[in-house]
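In the text below, chain A, chain B and the rest are named by the order of the sequence lines, each starting its count at 1.
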There are 2 protein chains.
Amino acid sequence: MTTEPAEAGRDPEAVSKFVEGFAAQLVEAGMQRMPARVFAALLASDSGSLTSAELGESLRVSPAAVSGAVRYLSQQHMVAREREPGSRRERYRVHSNQWYEALTNREAVLKRWESALREGVASLGPDTPAGRRMAETLAFFEFVDGEIAAMMERWRVHREKTFGAG
Amino acid sequence: MTTEPAEAGRDPEAVSKFVEGFAAQLVEAGMQRMPARVFAALLASDSGSLTSAELGESLRVSPAAVSGAVRYLSQQHMVAREREPGSRRERYRVHSNQWYEALTNREAVLKRWESALREGVASLGPDTPAGRRMAETLAFFEFVDGEIAAMMERWRVHREKTFGAG
DNA sequence: TCTTAACTTCACAAGTTTCTGAAAGTAGCG
DNA sequence: CGCTACTTTCAGAAACTTGTGAAGTTAAGA
């Protein structure tokens with residue numbers, strides 16, 4: 001028996017159209033192509049999770065490509081890997097209600113920008129025009145850090161009201 | 001007479017170190033290399049603006065490369081182009097206090113994601129599990145749209161207090 | 001109107017990234 | 001303890017990206 005269709009009763013054409021379209025947007029925003037396609041496929045799956053074989057089949061790519069994409073996505077905390085009990089297959093899962101919170105966990109990125117700017121202020125001098133510009137930019141990022149945390153708190157409240165407990 | 005040093009009295013080594021380091025962070029975050037370097041150079045300049053020739057010289061790249069990078073940056077509203085009066089040179093300027101606001105003008109990006117998700121909800125059906133997941137993701141992005149606008153308003157107030165009128 | 005400084009566009013070479021098939025590694029299950 | 005199903009790693013081919021030189025375009029100033 002070949003891989004069974006975990007997602008029956010859906011128009012594969014419509015699914016594929018969404019997957020490729022959404023992936024294209026992610027690519028445009030800077031994500032690599034294969035991770036973007038894998039992620040979009042998971043997002044469009046009813047169960048929110050697919051096996052490596054299912055991903056390879058529906059995207060028409062090799063297991064190696066799936067492996068690489070999934071490694072990237074789990075490093076970014078955008079998918080979780082889980083082992084199917086009593087099987088040697090792995091499933092990759094998008095945390096429905098939390099994946100997009102990972103988008104706001106650009107914290108690491110912000111921190112590195114801040115650190116580069118801090119060095120710049122120090123080495124060019126805080127009293128030079130360039131130093132002052134960088135200091136203000138730095139202040140902005142520090143401000144954003146704090147605001148994002150507060151925003152996510154408000155989102156959780158908002159979400160609760162709109163969608164109920166997830 | 002060759003291009004005159006618009007930025008005298010600074011340690012070119014220190015400037016270059018900052019430029020390359022900050023550019024590397026921008027690249028990591030998804031920006032192309034040359035736009036990142038050009039942008040970092042502008043950010044590190046005392047006047048906040050450099051000519052094409054100055055950029056080419058300090059980054060050691062051809063006029064063609066500068067041209068391409070600047071086109072990209074101005075499309076992203078990260079730099080403005082201005083013509084030096086009485087000259088055929090152009091200057092490229094980073095709007096000290098507003099460039100990073102362009103970062104939050106990822107509005108176009110968000111809008112395209114939203115539109116892709118809306119199509120997905122429609123084509124997979126709002127009552128399917130996948131459709132519901134996408135609808136919630138969509139709601140999150142719509143929420144973020146509004147929050148970012150409010151956040152920038154708060155930033156302007158905060159900035160005023162900290163740095164005074166810009 | 002002509003000259004010429006400055007910017008832009010274009011075709012291509014060099015460099016980088018991405019995906020594949022094949023080989024190696026890992027872990028259920030008998 | 002070995003077999004086998006699955007996943008990962010790796011070297012290399014193919015596709016894409018990036019930066020260059022050279023030709024083309026624009027516009028300031030005489």
Hey, mind stepping through B/Y92 and B/T51 against side-chain contact (heavy atoms from CB on, under 4.5 Å) and telling me if it holds? CA-CA 6 Å; B/Y92 308 112; B/T51 65; over 6 Å; no

Rounded to whole angstroms, how far apart are CD on A/E90 and C1' on C/dT26? 11 Å

Pairwise 5' ranking along DNA chain D for A/S67 and A/R88, keeping only the more 5' one: A/R88

Salt bridge or not between B/E84 and B/R89? Use side-chain N to carboxylate O under 4.0 Å. no

For A/L73 and D/dT7, give me the distance from atom CG to atom C1', rounded to whole Å. 16 Å

Using whole Å, what does the distance between atom P of nucleotide D/dG29 and atom CZ of B/R83 come to? 10 Å

In plain terms, say whether A/E142 and A/K111 are close enough for a salt bridge, that is, a side-chain N and a carboxylate O under 4.0 Å apart. no

Is it true that A/R156 and A/E160 make a salt bridge, defined as a side-chain N closer than 4.0 Å to a carboxylate O? no

Please give, in whole Å, the distance from C/dT8 P to B/R89 CZ? 14 Å

Look at the aromatic rings of A/H158 and A/W155 and report parallel, tilted or perpendicular, splitting at 30° and 60°. tilted

Any ion pair linking B/R91 and B/E82 (charged N to carboxylate O, less than 4.0 Å)? no

Is it the case that the base of C/dT8 and the side chain of B/R71 share a donor-acceptor contact (distance under 3.5 Å, atom types as modelled)? no

Strictly below 4.0 Å, N to O, side chains only: are B/R33 and B/E20 in salt-bridge contact? no

Could you state the atom-to-atom distance from CE of A/M31 to C1' of C/dT18 in whole Å? 16 Å

Ion pair B/E136/B/R132, N-O distance below 4.0 Å: no

Please confirm whether the shortest side-chain N or O distance from B/R91 to OP1 or OP2 of C/dA6 is below 4.0 Å. no

Would you classify B/G68 as touching base, sugar-phosphate or nothing, given that sugar-phosphate means primed atoms plus P, OP1 and OP2, and contacts are heavy atoms under 4.0 Å? nothing

Show me the protein contacts with nucleotides 17-23 of chain D, counting only N or O atoms at under 3.5 Å.
residue: D/dT20; atom: OP2; partner: B/S62; partner atom: N; Å: 3.0
residue: D/dT20; atom: OP2; partner: B/S62; partner atom: OG; Å: 2.8

Measure the distance from CG on A/L59 to C1' on C/dT18 and round it to the nearest whole Å. 15 Å

Pairwise N/O distances under 3.5 Å, protein to nucleotides 11-15 of chain D:
none

Just how far is it from atom CZ of A/R37 to atom CD of A/Q32, taken to the nearest 0.5 Å? 14.0 Å

Distance check needed: C/dC29 P versus A/E84 CD, whole Å only. 11 Å

For atom CG of A/L55 and atom P of C/dT20, their distance in whole Å: 13 Å

